[in-house]
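So that we are looking at the same thing, I have put the structure below in structure tokens.
The sequence lines fix the lettering, A, B, ..., with proteins before strands; numbering per chain opens at 1. Side chains are part of it too, since the values below use all heavy atoms of this structure and drop only hydrogens, waters and symmetry mates.
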Amino acid sequence: MSEPFYITTAIAYPNGKPHIGHAYEAIATDAIARFQRLNGREVCFVTGTDEHGLKMDQTARGLGKATRDLADEMSSYFKNMCTTLDISFDHFCRTTADSHHIASQAIWKRLEANGDLYLDRYEGWYSVRDEAYYDEGELTDGEGGQKLSPQGTPVEWTVEESWFFRLSKYEQPLLEYYAANPGFMRPDSRKNETIKFVEGGLKDLSVSRTSFDWGVKVPGSENHVMYVWLDALTAYISAIGFPDDTEEWRKFWPASVHIIGKDIVRFHTVYWPAFLMSARLPLPKMVFGHGFLLSRGEKMSKSLGNVVDPMELAQLFGVDALRYFLLREVSFGQDGSYSPEAIVTRVNADLANSFGNLAQRTLSLIFKNCEGYLPRIHDHHGDDQALLELVGNAVSFHIPAHFEELAMSQALEAWMQAVFACNAYVDVQAPWALKKTDPARMETVLATLFICIAQLAIAVQPIIPGSAIKLLDQMGVPRDVRNFGHAGSHWYSPLAEGGFQIAQPIGLFPRLELPAEQGASA
RNA sequence: GGCGAAGUAGCUCAGCUGGUUAGAGCGGUGGAAUCAUAAUCCAUAGGUCGGGGGUUCAAGUCCCUCCUUCGCUACCA
């Protein structure tokens with residue numbers, strides 16, 4: 001019986017085209033989803049776009065477009081990015097979908113039925129230009145006694161009618177939930193921040209707006225639209241059928257993990273659980289806040305001009321190279337640094353030189369010396385056993401254990417250790433020399449390597465699915481053993497005895513070169 | 001200001017609940033090999049583990065303090 005596994009990325013706000021951070025999150029989440037599938041779990045993977053809110057409306061207006069058209073266009077960029085990057089989502093949700101509006105209104109009614117919504121006035125110093133409220137203390141005095149926001153824009157005392165959510169009521173329940181579920185928030189640093197924040201006291205939350213209408217209408221108050229976060233978070237349940245009692249809903253909620261950026265941890269660890277408690281729905285099992293990608297150690301920003309287009313990187317270096325780099329180089333949960341040099345160095349060292357070359361040299365030897373037929377295993381040498389054991393342990397024990405902990409970089413480190421062991425084995429055994437001195441021994445060595453390489457390819461599928469599958473195809477490894485449960489089973493002999501023959505091997509991990517012109521124009 | 005994270009070899013980083021000569025990858029250096037994507041393998045490079053103090057038989061690993069960087073939060077009436 002496989003336990004269902006429901007994983008989501010954050011639902012991206014498509015106010016601009018996707019940047020490397022969106023790609024990173026999607027890739028990391030995809031790797032986890034793929035791992036769980038290969039580990040025998042029934043997986044549901046949801047990603048999508050959160051398209052409501054004032055900013056979308058304003059952006060559209062600025063471009064002279066209908067908001068809906070802009071949302072369609074921007075959302076498509078995100079979906080295309082996922083397709084390009086081999087993101088294996090099951091649902092790409094859009095908050096503008098009718099079904100999502102229905103779900104949002106349904107959860108609203110649940111909050112209301114629970115007595116957690118009330119109509120009040122939201123008042124404060126409001127900057128029309130910033131579209132934001134400020135505290136008295138944040139303001140400065142401008143000319144003629146005009147109050148100014150921290151951004152230097154004029155503010156006015158504004159009163160707006162708003163629905164409020166009794167967040168304060170959930171202060172204790174949340175703290176109790178955190179205490180009872182230590183694994184709910186990860187990494188720990190984010191957990192501490194959240195707990196401190198809640199302990200500091202929660203104020204009721206304004207959950208509707210009347211100043212614009214690009215959103216989900218509040219049931220019974222048609223001049224209000226729902227607060228974007230209430231609407232956006234609901235996407236995690238509307239995507240799998242809520243409020244209908246669908247099979248998917250029953251199977252997959254509560255989510256196993258929400259993968260999000262560290263900047264939106266609070267929305268997922270405070271507001272979202274509170275909404276769910278109020279709605280009498282189970283809470284997600286884990287919220288993981290990953291770090292940011294820095295460009296050469298610096299924050300990416302439009303003004304610095306160092307914003308990276310993930311599609312360009314994928315085009316330049318290859319999808320799998322990009323995926324491998326991000327998951328190997330960045331410790332999941334921490335910030336990471338990116339640069340073209342780092343990608344080239346890492347990918348060449350690990351994928352091209354170590355693993356790619358290992359596969360290529362082994363398959364070439366089999367192709368040339370065995371006419372492409374898989375060599376027989378004659379007798380087991382101690383060295384063979386040792387290598388098989390080492391690789392076997394990595395593939396069926398260490399690597400999955402790290403994946404399970406969402407420690408992709410460590411999973412890959414363990415993977416590389418096994419790759420190194422294979423290369424060392426090749427050099428010691430020197431099958432090219434055995435060809436004349438002891439052909440039977442050569443066959444055993446090549447067979448041993450073939451088995452190990454196949455297992456390594458199986459284990460790395462979550463990270464670099466495209467090339468791993470191509471390699472496994474070249475090697476004729478049966479589909480039903482391409483997972484963590486069966487990688488170590490005895491599939492080799494049947495494959496060899498079945499007369500499988502490899503073709504001239506094709507290199508799958510080309511060496512990368514640094515693009516010649518980098519940042520030439522200022 | 002409060003809370004928290006980080007500061008380890010040239011570079012990027014591992015080092016769990018304290019315990020033999022502080023680890024890996026990349027780079028550098030010296031060998032070996034030539035099957036393979038000029039890829040691989042072996043050996044090596046002598047870092048006061050940010051500074052100082054303390055606890056302990058023993059601290060990178062605990063406590064205090066200071067410095068630097070970063071995050072969250074508060075305040076600047």
**Request:** Let me know the distance between CD of A:Glu199 and P of B:U73, rounded to the nearest Å.
**Result:** 15 Å
**Request:** Output all residues satisfying side-chain contact (heavy atoms from CB on, under 4.5 Å) with A:Gln429, sequence neighbours left out; order by chain, then residue number.
**Result:** A:Asp383, A:Tyr425, A:Pro431, A:Arg441, A:Val445
**Fill in**
For B:C76, the nucleotide meeting Watson-Crick or G-U wobble distances (both under 3.5 Å) is none
**Prompt:** Under the side chain to side chain donor-acceptor pair (under 3.5 Å) test, which residues partner A:Asp427, sequence neighbours left out?
**Reply:** A:Arg361
**Complete:** A correct 5'-to-3' footprint of nucleotides 36-43 of chain B, with B, S and - meaning base, sugar-phosphate only and no protein heavy atom under 4.0 Å, is BB-SBB--
**Asked** Does B:C26 have a Watson-Crick or wobble partner in any strand here, with both distances under 3.5 angstrom, and which is it?
**Response** B:G10
**Prompt:** Can you tell me how far P in B:U61 sits from the matching atom in B:U8, rounded to whole Å?
**Reply:** 14 Å
**Euclidean distance for P, B:C72 against B:C26 (whole angstrom)** = 36 Å
**Same-atom distance (P) from B:G50 to B:C11, integer angstrom** = 14 Å
**Fill in**
Sorted by chain and residue number, the side chain to side chain donor-acceptor pair (under 3.5 Å) partners of A:Asn353 (sequence neighbours excluded) come out as A:Arg511
**Results of side chain to side chain donor-acceptor pair (under 3.5 Å) for A:Thr9 - residues two or more places apart only** = A:Thr47
**Complete:** Of A:Gln417 and A:Gly336, the one whose closest nucleotide on RNA chain B sits nearer the 5' end is A:Gly336
**Prompt:** Taking only residues two or more places apart in sequence, or in another chain, which ones meet A:Ala235 in a side-chain contact (heavy atoms from CB on, under 4.5 Å)?
**Reply:** A:Ile11, A:Cys93, A:Thr95, A:His100, A:Ser238
**Message:** Within the structure provided, determine whether A:Phe450 and A:Leu495 are in side-chain contact (heavy-atom separation under 4.5 Å).
**Reply:** yes
**Whole-Å P distance, B:G60 and B:U55** = 15 Å
**Asked** How far, in whole Å, is B:A74 from B:G4 if one measures between their C1' atoms?
**Response** 14 Å
**Prompt:** For atom C1', what is the distance between B:U48 and B:U12, given to the nearest Å?
**Reply:** 23 Å
**Prompt:** Between B:A5 atom P and A:Asp335 atom CG, what is the distance in whole Å?
**Reply:** 15 Å
**Message:** Between P on B:C35 and CD1 on A:Ile366, what's the gap in Å once rounded to a whole number?
**Reply:** 16 Å
**Asked** Can you list the residues that meet the side-chain contact (heavy atoms from CB on, under 4.5 Å) rule with A:Pro400, with sequence neighbours excluded?
**Response** A:Phe35, A:Phe484
**Asked** Between A:Lys262 (NZ) and B:G71 (P), how many Å, whole number?
**Response** 7 Å
**Message:** Between A:Ser208 (side chain only) and A:Trp163 (backbone N and O only), is there a donor and an acceptor less than 3.5 Å apart?
**Reply:** yes
**Request:** Look through every strand shown and name the nucleotide pairing with B:U40 as Watson-Crick or G-U wobble, where both distances are under 3.5 Å.
**Result:** B:A32
**Message:** Using a heavy-atom cut-off of 4.0 Å across all strands, would you classify A:Gln410 as base, sugar-phosphate, or nothing?
**Reply:** nothing
**Message:** Starting the side chain at C-beta, find the nucleotide from B:G4, B:U73, B:U34 nearest to A:Phe197.
**Reply:** B:U73
**Asked** Rounded to the Å, how far apart are A:Leu326 CG and B:U12 P?
**Response** 18 Å
**Request:** In whole angstrom, give the distance that lies between atom CD1 of A:Ile195 and atom C1' of B:C3.
**Result:** 12 Å
**Complete:** Side-chain atoms of A:Arg266 come closest, of B:C72, B:C35, B:G71, to B:C72
**Prompt:** Just how far, in rounded Å, is C1' of B:U34 from CG of A:Leu365?
**Reply:** 11 Å
**Request:** If the plane angle is over 60° it's perpendicular, under 30° parallel, otherwise tilted; pick one for A:Phe355 and A:Phe509.
**Result:** perpendicular
**Asked** Within this structure, what is the CZ-to-P distance between A:Arg346 and B:C13, rounded to whole angstrom?
**Response** 11 Å
**Item:** C1' spacing across the pair B:C49 / B:C13, given as an integer number of angstrom
**Value:** 13 Å
**Prompt:** How far does the C1' atom of B:G47 sit from the matching atom of B:A9, given to the nearest Å?
**Reply:** 4 Å
**Prompt:** Among residues 373-409 of chain A, which residues get a heavy atom nearer than 4.0 Å to RNA chain B?
**Reply:** none
**Watson-Crick or G-U counterpart of B:G71, or none if no pair lies under 3.5 Å** = B:C3
**Item:** side-chain contact (heavy atoms from CB on, under 4.5 Å) partners for A:Ala418, two or more places apart
**Value:** A:Leu390, A:Val391, A:Ala394, A:Leu456
**Prompt:** If we ignore angles and hydrogens, is there a donor and acceptor under 3.5 Å between the side chains of A:His258 and A:Trp272?
**Reply:** yes
**Asked** So, is A:Gln334 near the phosphate of B:U12, with a side-chain N or O under 4.0 Å from OP1 or OP2?
**Response** no
